[in-house]
2 protein chains.
Amino acid sequence: MLYAVFMSSVLPPFPEPPEPLDAPQLLEVGTAGGETEPCLRADAARNRARLLEAAARLIAEHGVAGVTMEAVAAAAQVGKGTVFRRFGDRTGLLTALLDHSGRRLQADFMSGPPPLGPGAPPLMRLRAFGVAVLYRSAEQLDLQLAAQPEPNRRFSHPAHGALRTHVTMLLRQIVPDGDCELLAQTLLASLDPALIHHLTRQRGMPMERLEAGWLDLVARVTRTQA
Amino acid sequence: MLYAVFMSSVLPPFPEPPEPLDAPQLLEVGTAGGETEPCLRADAARNRARLLEAAARLIAEHGVAGVTMEAVAAAAQVGKGTVFRRFGDRTGLLTALLDHSGRRLQADFMSGPPPLGPGAPPLMRLRAFGVAVLYRSAEQLDLQLAAQPEPNRRFSHPAHGALRTHVTMLLRQIVPDGDCELLAQTLLASLDPALIHHLTRQRGMPMERLEAGWLDLVARVTRTQA
DNA sequence: AACCTAAACGGACCTCGGTCCGGATCGTTC
DNA sequence: GAACGATCCGGACCGAGGTCCGTTTAGGTT
């Protein structure tokens with residue numbers, strides 16, 4: 001499959017893990033002139049796009065394992081240092097590839113239509129949220145797995161933070177008493193791509209079972225009925 | 001701290017991840033002569049012990065990060081190839097260091113005294129189990145984190161399998177209806193060392209809160225009272 | 001005791017992620 | 001349009017994990 005991601009890639013993605021280098025990107029984007037959106041130098045932006053495109057192509061051709069930093073650099077006709085300057089490390093690059101769907105998911109549950117977005121009762125939103133995450137992860141499993149940073153940073157990643165905040169917020173509306181932060185972490189842990197991978201590919205559970213499992217789990221945790 | 005681990009290390013540990021090489025270890029141990037316990041050649045066993053000892057020393061001196069395969073080999077006055085032959089990879093070595101406490105925990109909940117071991121009601125055992133795992137992980141957090149294999153193998157590891165089986169078994173007694181396998185995975189996920197690390201060290205939650213969180217989670221999942 | 005084979009050993013070698021810094025570029029300023 | 005400084009680029013370089021294969025040795029056999 002082709003991760004049609006790099007199209008939106010001229011604009012910087014997520015906060016994107018602590019830009020590794022000394023604070024670059026200080027110019028303003030010209031079109032509107034008002035936003036404080038950090039912007040890259042023209043050549044940098046061009047290279048960024050080319051790198052993402054190259055990475056996506058490599059994935060399509062050789063799988064995630066084929067995405068070597070040097071290979072990506074070569075495919076984009078760019079120096080290796082440039083890749084690291086732009087994305088920090090391999091995880092950063094892979095994460096940038098996931099950025100598109102990540103942002104869409106985030107937009108969906110923050111301001112999209114019910115049952116995912118606001119408007120539906122919290123419990124329903126929570127149910128829908130898990131299912132959405134589940135299927136999104138299932139689609140891009142390999143990439144999700146490969147993009148997983150070393151254990152330390154896994155949870156501090158901004159994307160994870162957004163999900164956590166959202167789930168916590170929903171939980172607070174459903175079970176005002178109770179340690180919602182902790183419960184949120186637990187719920188999210190049960191949607192961990194690595195776990196999904198294990199359950200589906202190694203233990204052969206069908207997605208329907210995982211989905212049912214999520215609904216059941218939510219019911220139990222919120223002490224509502226299944 | 002010193003991981004007093006390598007004392008029992010002349011005997012092979014856990015099933016230990018798929019011994020990487022072509023099936024070695026075919027001799028029988030001399031004392032009893034009856035068991036099918038795989039046994040290493042004398043020199044191999046000696047080197048194994050020396051490697052574990054060296055690794056433990058390195059950890060004590062320079063932290064987990066100081067445990068380089070080459071450093072361990074050098075400290076044990078052994079070739080690098082030997083380290084890999086014996087432990088497969090870095091993860092294998094680190095896992096072997098955890099083996100001692102892992103086995104003890106396993107023995108505790110499989111045949112130890114209540115409330116962890118058999119004899120206590122399942123619900124109580126489950127509660128105790130989580131608390132035990134929690135504190136064990138907290139003690140050896142660094143090592144646990146470093147020993148975490150790439151996402152794929154995390155759940156297929158035999159040690160994890162043992163825990164999973166146990167929790168599943170307890171759950172079946174408590175909530176006979178319900179997808180106990182899935183619930184078990186979820187419960188275990190909430191005890192993941194990486195998560196504990198994040199909650200305690202990065203978000204500053206005290207262990208008491210995690211402990212309370214576990215008890216609450218168990219109560220909710222089993223639909224019993226807190 | 002000599003012999004023989006499976007197993008273990010060692011360290012050169014490869015790959016890949018990540019760092020560094022001299023030199024090229026962009027975009028601004030005057 | 002020329003000068004200038006911040007930013008970026010490139011690729012040599014490093015360290016660590018992991019592989020390979022020729023050599024050595026344990027330990028059973030005759």
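Heavy atoms only: backbone and side chains are in, while hydrogens, waters and symmetry mates are out. The sequence lines fix the lettering, A, B, ..., with proteins before strands; numbering per chain opens at 1.
- We find that CD of A/E70 is positioned 9 Å from C1' of D/dG11, with the value rounded to whole Å.
- By the 4.0 Å N-to-carboxylate-O rule, A/R203 lies close enough to B/E181 to be salt-bridged with it.
- A donor and an acceptor atom sit less than 3.5 Å apart, one in the side chain of B/R41 and one in the base of C/dA7.
- Among D/dC8, C/dA7, C/dC9, the nucleotide with an atom closest to any side-chain atom of B/A44 is C/dC9.
- The phosphate of D/dG10 (OP1 or OP2) has a side-chain N or O of A/T82 nearer than 4.0 angstrom.
- Atom CD of A/E61 has more than 12 heavy atoms from other residues, nucleotides or ligands within 6.0 Å.
- Between A/R86 and D/dC9, a side-chain N or O to OP1/OP2 separation shorter than 4.0 Å is present.
- D/dA26 atom C1' lies 12 Å from atom CG of B/N47, rounded to whole Å.
- One interatomic measurement links the two molecules: CD of A/Q77 to C1' of D/dC8, which rounds to 18 Å at whole-angstrom precision.
- In this structure, of C/dC26, C/dG18, D/dG27, it is C/dC26 that holds the atom nearest to the side chain of A/A42.
- Side-chain N/O atoms of A/S190 and B/Q185 include no donor and acceptor closer than 3.5 Å.
- Mapping B/V67 and B/D43 onto DNA chain D via the closest heavy atom, the residue that lands nearer the 5' end is B/V67.
- Taking atom CG on B/L94 and atom C1' on D/dG17, their separation rounds to 13 Å, with Å as the unit.
- Atom-to-atom, NZ of A/K80 to P of C/dC20 comes out at 14 Å; the value is rounded to the nearest Å.
- In this structure, B/R46 places its CZ atom 13 Å from P of C/dA8, rounding to the nearest Å.
- Atom CD of B/E150 and atom P of C/dG17 are 14 Å apart (whole Å).
- Across D/dG18, D/dA16, D/dA26, the shortest atom-to-atom separation from the side chain of B/T68 is found for D/dA16.
- Of the side-chain N and O atoms in B/R85, one or more sit less than 4.0 angstrom from OP1 or OP2 of C/dA8.
- Between B/R90 and D/dG17 there is a side-chain N or O to OP1 or OP2 distance below 4.0 Å.
- If you take NE2 on A/H166 and CG on A/L188, they are separated by 10.0 Å, rounding to the nearest 0.5 Å.
- Across the protein-nucleic acid pair, A/F84 atom CZ and C/dC21 atom P stand 17 Å apart, rounded to whole Å.
- The distance from atom CD of A/Q202 to atom CZ of B/F155, rounded to the nearest 0.5 Å, is 9.5 Å.
- For B/V78, counting side-chain heavy atoms from C-beta on, the closest listed nucleotide (D/dC8, C/dG10, D/dG10) is C/dG10.
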